[in-house]
Amino acid sequence: MSAHPTIADTLEGTVDRHPDRDAIVYPRKEQRWTYAEFDERVNRLANALRDRGIEKGDRVATVLYNGSEMALTVYACAKIGAVFTPLNFRLPAGEIEYIVNDAEAEMVLFESATREAVEGARPSLETVSEYVFIDDDREDAAVPEYARGFYDLLESGTPERPDVRVDEDDVYAFIYTSGTTGRPKGVVHEHRNMVEHNLLCIAEMNLTRDDVGLSILPLYHCAELHCNLFARIHRGATNVIHHEFDPERALEAIEDHGVTILFAAPTAWNALSMAAAELNADVSSLRLGLYGAAPMPERVLENCMEQLCEDYVQAYGMTEIGPAGVFQPPEDQRSKQGSAGLPALNHRVRVVEPDADPDDEVEAGEIGEILISSPCVMREYWNRPEATAQSLREADGTTWYYTGDLGYRDDDGYLYVVDRKDDMIVSGGENVYPAEVEDVLFAHDAVDEAAVVGEPDEEWGERVVAYVVAENVDATALDEFVLESDRLADFKRPRAYYFVDELPKNPSGKIQKFKLREDEADVDPE
Ligand code: ATP
Ligand code: MG
């Protein structure tokens with residue numbers, strides 16, 4: 001072991017302390033492994049990967065739903081210095097092709113649920129020399145002739161620790177961003193960033209070895225992978241893994257496994273609290289809920305407090321910083337509703353004029369771009385020196401990450417996230433934050449979805465327009481509703497409404513406004 005731990009060392013340290021505690025529970029395959037058993041399997045897989053020609057620095061891509069196999073693969077890669085490259089399991093063939101080729105991956109792991117998309121991409125994946133398929137007893141999971149079975153591969157490996165030196169500043173993973181504002185970018189993370197990130201999450205959530213976590217959000221996203229699985233394995237807690245999110249099954253699992261801690265996006269918390277009200281499940285073991293990706297609406301938070309558990313932590317951040325950089329602890333949930341919280345340990349936050357120098361801070365209450373300095377910040381974007389130079393900038397010996405998010409701090413220093421910088425509209429010299437306009441539109445019963453963007457305008461520079469998915473309502477009625485709400489200044493009022501069947505979204509469900517801006521001429525305004 002080098003002087004500073006790698007991700008593999010965080011697992012091995014736990015094996016030294018708690019070899020017999022449960023590490024992984026995967027009910028779908030009736031698997032339950034102690035830390036010693038998990039580590040032995042990780043070694044086997046790591047050695048098998050080396051036998052198949054995977055070397056330090058090679059990229060190993062996964063197109064997998066949650067499962068014990070995902071946990072085995074990420075730690076196996078860490079042990080041999082291979083670069084773990086998880087892809088969203090909902091990506092269509094064209095997106096898989098883009099990411100696997102961008103990362104120049106050597107190996108792709110997939111399963112029956114992602115087989116069609118991977119096969120669609122396969123003819124164009126020139127760097128891939130080996131496909132590994134998660135086989136099991138089900139009929140639809142027979143191994144395709146061009147692939148190897150995962151469990152065969154696992155058994156073929158020997159159980160000793162692989163003899164590969166991996167250092168803290170070696171690359172641990174390429175984690176692709178969600179692709180909300182453009183093509184996904186490969187975020188290059190080193191081992192040390194993630195070890196720091198583990199410690200931070202352990203501290204912010206007061207994790208103990210007695211905690212039992214349930215992974216229902218996708219492990220391909222760094223929020224579940226790093227904030228939850230990694231932190232728990234580092235600490236020696238137990239990980240129950242669900243293949244995908246189902247509110248009823250999640251509630252049953254809380255009862256069956258004594259789950260103490262759970263991470264979900266606000267929409268999933270909403271579904272959980274509604275299911276809990278109906279099912280009357282015993283969720284008394286749950287001590288802490290974690291949420292992120294968006295603020296939790298007050299009503300949802302209150303329902304969750306009533307139905308599930310008292311305490312919640314919010315995390316704000318992005319793939320580039322690991323992702324958590326700002327936390328809102330349980331004691332601030334009610335008093336600072338809507339806020340993302342305070343900087344995480346060892347993190348600093350600044351709010352500056354968009355794109356300005358890190359010293360150009362705005363006053364409390366004023367909106368600007370959020371900058372974060374963090375020991376967990378990425379090394380770079382893979383193959384994108386310009387994007388890297390734009391988002392990582394030095395000032396007085398500190399590197400600041402330009403998040404591209406807009407927000408403000410209140411007088412107590414609490415951060416409020418307002419919108420994305422790219423989405424801000426400047427109309428007649430006034431700034432319009434689309435999220436504020438969308439909130440008003442959402443309040444109309446007939447509106448299912450709304451996305452507000454700026455459209456070029458000769459007189460005003462840009463004018464505010466709204467794309468809406470709605471039934472039984474027209475532009476005049478929506479305009480009247482906006483006026484009557486009395487919540488928007490006149491320059492924020494949409495000047496046109498486009499009624500569409502659906503909005504372009506990335507596979508995580510975030511609306512891709514850049515596509516609306518490109519396509520705006522295709523729809524007739526009302
Ligand atoms: P891309 O960078 O490819 O456009 P993305 O930014 O959506 O995609 P992620 O790194 O998965 O990719 O998401 C990070 C973004 O999610 C943040 O920049 C922010 O806009 C939003 N976000 C994350 N947490 C919160 C939160 N607690 N509150 C509000 N917004 C959040
Ligand atoms: Mg982003």
Side-chain angles (χ1 to χ4, degrees), residues 86-88 90-91 95 98-99 102 173-187 189 197 204 217-227 263-269 289-297 300-301 312-329 332-333 336-344 349 369-372 374 376-378 381-382 384 387-388 390-392 401-408 414-424 433-436 438-439 504-515 517:
L87 272 66
N88 185 330
R90 291 209 177 82
L91 291 179
E95 295 284 308
Y98 174 76
I99 294 181
D102 186 66
F174 286 1
I175 313 264
Y176 279 77
T177 60
S178 300
T180 310
T181 56
R183 280 244 132 132
K185 299 186 279 288
V187 167
H189 274 306
H197 191 270
E204 298 283 355
L217 285 200
L219 284 165
Y220 69 73
H221 194 280
C222 56
E224 184 62 38
L225 182 70
H226 297 159
C227 299
F263 172 48
T267 45
W269 278 111
L290 180 72
Y291 66 95
M296 185 105 95
V300 176
L301 184 65
Y312 294 84
V313 167
Q314 179 184 185
Y316 160 75
M318 56 284 305
T319 312
E320 290 86 341
I321 62 160
V326 172
F327 282 96
Q328 191 196 41
D332 295 334
Q333 293 293 317
K336 292 288 183 187
Q337 220 279 326
S339 161
L342 294 167
V349 170
E369 182 168 4
I370 301 167
L371 313 191
I372 296 180
S374 154
C376 314
V377 76
M378 64 175 177
Y381 289 119
W382 173 244
R384 291 184 179 233
T388 306
Q390 258 195 356
S391 61
L392 294 179
Y401 170 65
Y402 282 65
T403 65
D405 285 332
L406 297 173
Y408 64 92
Y414 283 71
L415 183 72
Y416 291 73
V417 181
V418 172
D419 220 321
R420 293 187 190 247
K421 190 178 72 180
D422 287 356
D423 293 337
M424 189 180 85
Y433 305 103
E436 192 188 350
E438 287 154 9
D439 275 350
K505 295 198 186 101
N506 69 13
S508 326
K510 294 184 185 178
I511 298 170
Q512 294 169 306
K513 294 191 175 175
F514 73 98
K515 292 200 171 156
R517 285 189 287 260

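Nothing here was measured: the structure is a model prediction, and the numbers come from that model. When a ligand or atom number is given, it counts from 1 through the structure's own listing order.
Between Tyr433 atom OH and Leu406 atom CG the span is 6.0 Å, to the nearest 0.5 Å. The NE2 atom of His221 sits 12.5 Å away from atom CG of Leu87, with the distance rounded to the nearest 0.5 Å. Atoms NZ and CG, on Lys421 and Asp405 in that order, are 9.5 Å from each other to the nearest 0.5 Å. Atoms CE and CD1, on Met378 and Ile175 in that order, are 12.5 Å from each other to the nearest 0.5 Å. Put simply, CD on Glu320 and SG on Cys376 are 13.0 Å apart, with the number rounded to the nearest 0.5 Å. Here Arg420 contributes atom CZ and Thr180 contributes atom OG1; the two are 4.5 Å apart, rounded to the nearest 0.5 Å.
By the criterion of a heavy-atom distance under 4.0 Å, the side chain of Asp405, and not its backbone, is placed next to ligand 1.
Scanning His221, Gln314, Lys510 for the heavy atom closest to atom 27 (N) of ligand 1 points to Gln314.
Remark: distances from the non-hydrogen atoms of Pro323 to ligand 1 are all 4.0 Å or more. In this structure, Ala340 does not count as a contact residue of ligand 1, since none of its heavy atoms falls inside 4.0 Å of the ligand. The shortest separation from a heavy atom of Gly404 to ligand 1 is not under 4.0 Å, leaving the residue out of contact.
Atoms of ligand 1 lying under 4.0 Å from any heavy atom of Arg420, numbered from 1 in the order shown and given with element: 5 (P), 6 (O), 7 (O), 15 (C), 16 (O), 20 (O). In the vicinity of Ala294, heavy-atom distances shorter than 4.0 Å reach the ligand 1 atoms 25 (C), 26 (C), 27 (N), 28 (N), 29 (C). Near Thr319, with a cut-off below 4.0 Å to any heavy atom, the atoms of ligand 1 are 9 (P), 10 (O), 11 (O). Every atom of ligand 1 with a heavy atom of Thr180 under 4.0 Å away is listed here by number and element: 1 (P), 3 (O), 4 (O), 5 (P), 7 (O), 8 (O). Heavy-atom contacts of Tyr316 reach the following atoms of ligand 1: 24 (N), 25 (C), 26 (C), 27 (N), 31 (C) (cutoff under 4.0 Å).
Looking only at heavy atoms of the protein, atom 2 (O) of ligand 1 is closest to Thr177 CB, 3.6 Å. Looking only at protein heavy atoms, the nearest one to atom 30 (N) of ligand 1 is Ala293 O, 3.3 Å. With respect to atom 23 (C) of ligand 1, the closest heavy atom belonging to the protein is Gly317 O, 3.3 Å. Closest protein heavy atom to atom 11 (O) of ligand 1: Ser178 OG, 2.7 Å. At the shortest separation from atom 4 (O) of ligand 1 among protein heavy atoms lies Thr181 OG1, 2.4 Å.
Between Pro184 and ligand 1, no pair of N/O atoms sits closer than 3.5 Å. Residue Gly182 has no nitrogen or oxygen atom sitting less than 3.5 Å from a nitrogen or oxygen atom of ligand 1, judged on distance alone.
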Show, in sequence, the C-alpha distance, side-chain angles and deciding distance for Ile372 and Thr403, and conclude whether the side-chain contact (heavy atoms from CB on, under 4.5 Å) test is met.
CA-CA 7 Å; Ile372 296 180; Thr403 65; 4.0 Å; yes
Determine whether Trp382 and Tyr176 satisfy the following criterion, side-chain contact (heavy atoms from CB on, under 4.5 Å), listing intermediate values before the conclusion.
CA-CA 9 Å; Trp382 173 244; Tyr176 279 77; 3.9 Å; yes
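Shortest non-hydrogen contact noted between Thr319 and His189 is O-NE2, 2.9 Å.
Between Tyr291 and Trp269, a ring centre-to-centre spacing not shorter than 6.0 Å is recorded.
Note on ring orientation: taking the six-membered ring where Trp is involved, the planes of Tyr408 and Tyr416 are parallel (angle under 30°, cut-offs 30° and 60°).
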